[in-house]
Amino acid sequence: MLAHSNSDESALERVAERDDDRADGLLAAIAGGLVVSCQASSGSPMRDTPTIARLAASALQGGAAALRVNGVDDVRAVRELTEVPLIGLDKRMGARRNLITPTDEQVRALVAAGADIVAVDATEEVADDVAGRVRSAVAAVRVPIMADVSTLDEGLRSWEAGAAIVGTTLSGYTPYSRIDPSPDLELVGQLASRGVRVLAEGRFQTPADVARAFDAGAFAVVVGGAITDPVAITRRFAAAAPRSR
């Protein structure tokens, strides 16, 4: 068995330091900002990669600090447009709902496509060992991992396992989490009060919702459909019209 030389160890340390510096820079760029989720489901008229790229460009023009994008093709296309932090994920349909980047192979593919941060499903519904799932993703790539959780316990276990960011993304999407049409600001506050770097996400509809999330201690806030889904936006306004009542 070959022993590592001091020069080999020094080189590895320098690589690790560069990775840490880059991660710190990414997080600093996101802190206190708006992250816009640019996605479209398979049945949407917006569902093609060039359209997603235009959504991303529009969000950046409007002041987004970072973007959250689903799928290798869309991540690659958006990466060509910008150097702002890009959170990549890869949704796959499970037994009951979409699962978020459930395998390390997907994690690596997203990084190869240009993702700066990768979001993974860190719920008990998907991973019996939440901490183990996060540790596996952290070990798979040299980029920060975002753990999408639904409860306080999942968030704390993910943070302790090495997640750089914990998102409240899946609150309301697991059968045992809070079910409510409003953002889970209680979960944001619970995590933030315990020193967790929280990306507030899920059902944010108004600027007032965003402001309340920051008041609760959010590191940053993700808004998706309220900005990038014209079908959902139109439905909300159409519901207020007399003929819809």
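Only this structure's heavy atoms are used, side chains among them; waters, hydrogens and symmetry mates stay out. Computed from a prediction, not measured in an experiment: that's the story for all the values here.
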Colleague: Are Val166 and Val107 connected in the hydrophobic side-chain network, where two residues link if heavy atoms are under 4.5 Å apart?
Modeller: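 Different clusters: Val166 never reaches Val107 through Ile, Leu, Val, Met, Phe, Trp or Tyr contacts under 4.5 Å.
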Colleague: Quick one: closest heavy-atom pair of Phe214 and Phe219, and the distance?
Modeller: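 Taking every non-hydrogen atom into account, CE2-O, 3.8 Å.
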Colleague: Quick one, Pro85 and Leu67 - any side-chain contact, counting heavy atoms below 4.5 Å?
Modeller: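 No; the side chains remain at least 4.5 Å from each other.
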Colleague: Start with the C-alpha gap between Leu89 and Val118, add the side-chain angles, then the distance that decides, and say whether side-chain contact (heavy atoms from CB on, under 4.5 Å) holds.
Modeller: CA-CA 6 Å; Leu89 64 148; Val118 176; over 6 Å; no
Colleague: List the steps, then state whether side-chain hydrogen bond (donor to acceptor under 3.5 Å, both in side chains) holds for Ser171 with Thr168.
Modeller: CA-CA 6 Å; Ser171 173; Thr168 58; over 6 Å; no
Colleague: Under a 4.0 Å N-O cut-off, is there an ion pair linking Asp148 with Arg68?
Modeller: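 Here Asp148 pairs with Arg68 in a salt bridge, since their nearest N and O are under 4.0 Å apart.
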Colleague: Atom CG of Leu60 and atom CG of Leu81: how far apart are they, to the nearest 0.5 Å?
Modeller: 8.0 Å
Colleague: Are Val36 and Val198 linked, directly or through other ILVMFWY residues, by side chains that come within less than 4.5 angstrom of each other?
Modeller: no
Colleague: Are Glu124 and Arg133 ion-paired here, with the side-chain N under 4.0 Å from a carboxylate O?
Modeller: no
Colleague: Do Arg108 and Val111 have side chains that approach each other closer than 4.5 Å (heavy atoms only, starting at C-beta)?
Modeller: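 When only atoms from C-beta onward are counted, Val111 and Arg108 do not touch, as no gap falls below 4.5 Å.
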Colleague: Evaluate the side-chain hydrogen bond (donor to acceptor under 3.5 Å, both in side chains) criterion for residues Glu105 and Thr103: first the C-alpha distance (whole Å), next the side-chain angles of each, then the deciding distance (0.1 Å), finally the verdict.
Modeller: CA-CA 5 Å; Glu105 181 181 3; Thr103 71; 4.9 Å; no
Colleague: Would you compute the distance between atom CZ of Phe204 and atom CG of Leu34 and round it to the nearest 0.5 angstrom?
Modeller: 10.5 Å
Colleague: Apply side-chain contact (heavy atoms from CB on, under 4.5 Å) to residues Val221 and Val35 and explain how you reach the verdict.
Modeller: CA-CA 6 Å; Val221 179; Val35 180; over 6 Å; no
Colleague: Between Asp74 and Arg76 (salt bridge meaning N to carboxylate O under 4.0 Å), is one present in this structure?
Modeller: no
Colleague: Is the closest side-chain donor-acceptor distance between Ser41 and Ser44 under 3.5 Å?
Modeller: no
Colleague: Could you tell me whether Arg235 atom CZ has more than 12 heavy atoms of other residues or ligands within 6.0 Å of it?
Modeller: no
Colleague: Can you name the nearest heavy-atom pair linking Ala192 to Gly217, along with the distance?
Modeller: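 Nearest heavy atoms, Ala192 then Gly217: CB-O, 3.5 Å.
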Colleague: Show, in sequence, the C-alpha distance, side-chain angles and deciding distance for Val75 and Leu86, and conclude whether the side-chain contact (heavy atoms from CB on, under 4.5 Å) test is met.
Modeller: CA-CA 8 Å; Val75 166; Leu86 180 54; 3.9 Å; yes
Colleague: Between Ser58 and Gln61, do the side chains contain an N or O donor and an N or O acceptor separated by less than 3.5 Å?
Modeller: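 There is no such pair (donor and acceptor under 3.5 Å, judged by atom type) between the side chains of Ser58 and Gln61.
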Colleague: Between Asp104 and Ser136, do the side chains contain an N or O donor and an N or O acceptor separated by less than 3.5 Å?
Modeller: yes
Colleague: If you apply the rule side-chain contact (heavy atoms from CB on, under 4.5 Å), what do you find for Leu55 with Met46, and how did you get there?
Modeller: CA-CA 9 Å; Leu55 281 175; Met46 308 287 284; 3.8 Å; yes
Colleague: Hey, does the side chain of Thr101 reach the backbone of Ala119 with a donor-acceptor pair shorter than 3.5 angstrom?
Modeller: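 Flag set: sc Thr101 to bb Ala119 pair under 3.5 Å.
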Colleague: Answer with yes or no whether the side chains of Arg178 and Ser182 bring together a donor and an acceptor at under 3.5 Å.
Modeller: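 Distance-only check passes for Ser182 and Arg178.
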Colleague: Does Arg97 make a cation-pi contact with Tyr173, if we ask for NZ or CZ under 6.0 Å from the ring centre and within 45° of the axis?
Modeller: no
Colleague: Can you find a pair of side-chain heavy atoms, one from Val149 and one from Asp153, that are under 4.5 Å apart?
Modeller: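 They are not in side-chain contact.
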Colleague: Got a donor-acceptor contact below 3.5 angstrom from the Thr234 side chain to the Pro230 backbone?
Modeller: yes
Colleague: Would Asp116 and Arg22 pass as an ion pair if we require N to O under 4.0 Å?
Modeller: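 Salt bridge flag = yes for Arg22 with Asp116.
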Colleague: Sub-3.5 Å donor-acceptor pair from the side chain of Arg135 to the main-chain atoms of Ser158, do we have one?
Modeller: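 Side chain of Arg135 to backbone of Ser158, a donor-acceptor pair under 3.5 Å: no, none is there.
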Colleague: Between the side chains of Asp121 and Thr123, does any donor sit under 3.5 Å from an acceptor?
Modeller: yes
Colleague: Drop me the distance from Leu26's CG to Ile30's CD1, to the nearest 0.5 angstrom.
Modeller: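 Between Leu26 CG and Ile30 CD1, I get 6.5 Å after rounding to 0.5 Å.
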Colleague: Mind checking whether Pro181 and Gln205 have side chains closer than 4.5 Å, heavy atoms only?
Modeller: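 They are not in side-chain contact.
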Colleague: Looking at every non-hydrogen atom in both residues, tell me the closest pair between Val141 and Ile145 and how far apart they are.
Modeller: CG2-CD1, 4.1 Å
Colleague: Hydrophobic clustering (ILVMFWY, side-chain heavy atoms < 4.5 Å, transitive) - are Val120 and Val143 grouped together?
Modeller: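 Result: yes, single cluster for both.
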Colleague: Evaluate the side-chain proximity of Leu187 to Leu152: yes if any heavy-atom separation is below 4.5 Å, no if none is.
Modeller: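 Yes, at least one pair of side-chain atoms sits under 4.5 Å.
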Colleague: How far apart are the closest heavy atoms of Cys38 and Ala56, and which atoms are they?
Modeller: SG-CA, 3.6 Å
Colleague: Is Val78 reachable from Val84 through a run of I, L, V, M, F, W or Y residues, each pair having side-chain heavy atoms under 4.5 Å apart?
Modeller: yes
Colleague: Any side-chain donor-acceptor pair under 3.5 Å between Glu154 and Ser150?
Modeller: yes
Colleague: Treating Ile, Leu, Val, Met, Phe, Trp and Tyr as nodes and any side-chain heavy-atom pair under 4.5 angstrom as an edge, say whether Leu191 and Val188 lie in one connected cluster.
Modeller: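 Both belong to a single hydrophobic cluster.
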Colleague: So how far is it from Thr169 OG1 to Leu199 CG, rounded to the nearest 0.5 Å?
Modeller: 7.0 Å
Colleague: Begin from the C-alpha positions of Arg212 and Asp215 and carry the test salt bridge (charged side-chain N to carboxylate O under 4.0 Å, His left out) through to its verdict.
Modeller: CA-CA 5 Å; Arg212 283 192 286 269; Asp215 289 342; over 6 Å; no
Colleague: What are the two closest heavy atoms between Arg47 and Ile52, and how far apart are they?
Modeller: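 It is NH1-CG1, 3.8 Å.
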Colleague: Between Asn98 (side chain only) and Lys91 (backbone N and O only), is there a donor and an acceptor less than 3.5 Å apart?
Modeller: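 Not confirmed, Asn98 side chain does not pair with Lys91 backbone.
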Colleague: Taking all heavy atoms of Trp159 and all of Ala164, pick out the closest pair and write down the distance.
Modeller: CZ3-O, 3.4 Å
Colleague: Can you tell me how far CD of Glu160 sits from CZ of Arg194, rounded to the nearest 0.5 angstrom?
Modeller: 11.0 Å
Colleague: Out of curiosity, Arg203 CZ to Leu185 CG, how far, rounded to the nearest 0.5 Å?
Modeller: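 The distance works out to 9.5 Å.
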Colleague: Have Asp73 and Thr49 got a donor and an acceptor in their side chains that come within less than 3.5 Å?
Modeller: no
Colleague: Say whether, by atom type as modelled, one donor and one acceptor occur between the side chain of Ser244 and the main chain of Ala240 under 3.5 angstrom.
Modeller: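 A pair under 3.5 Å: no.
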Colleague: Atom CZ of residue position Phe237 - does it have more than 12 heavy atoms of other residues, nucleotides or ligands inside 6.0 Å?
Modeller: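 Atom CZ in Phe237 is not crowded, with 12 or fewer foreign heavy atoms closer than 6.0 Å.
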Colleague: Is Ile117 close to Ile165 at the side-chain level, that is, under 4.5 Å between some pair of heavy atoms?
Modeller: yes
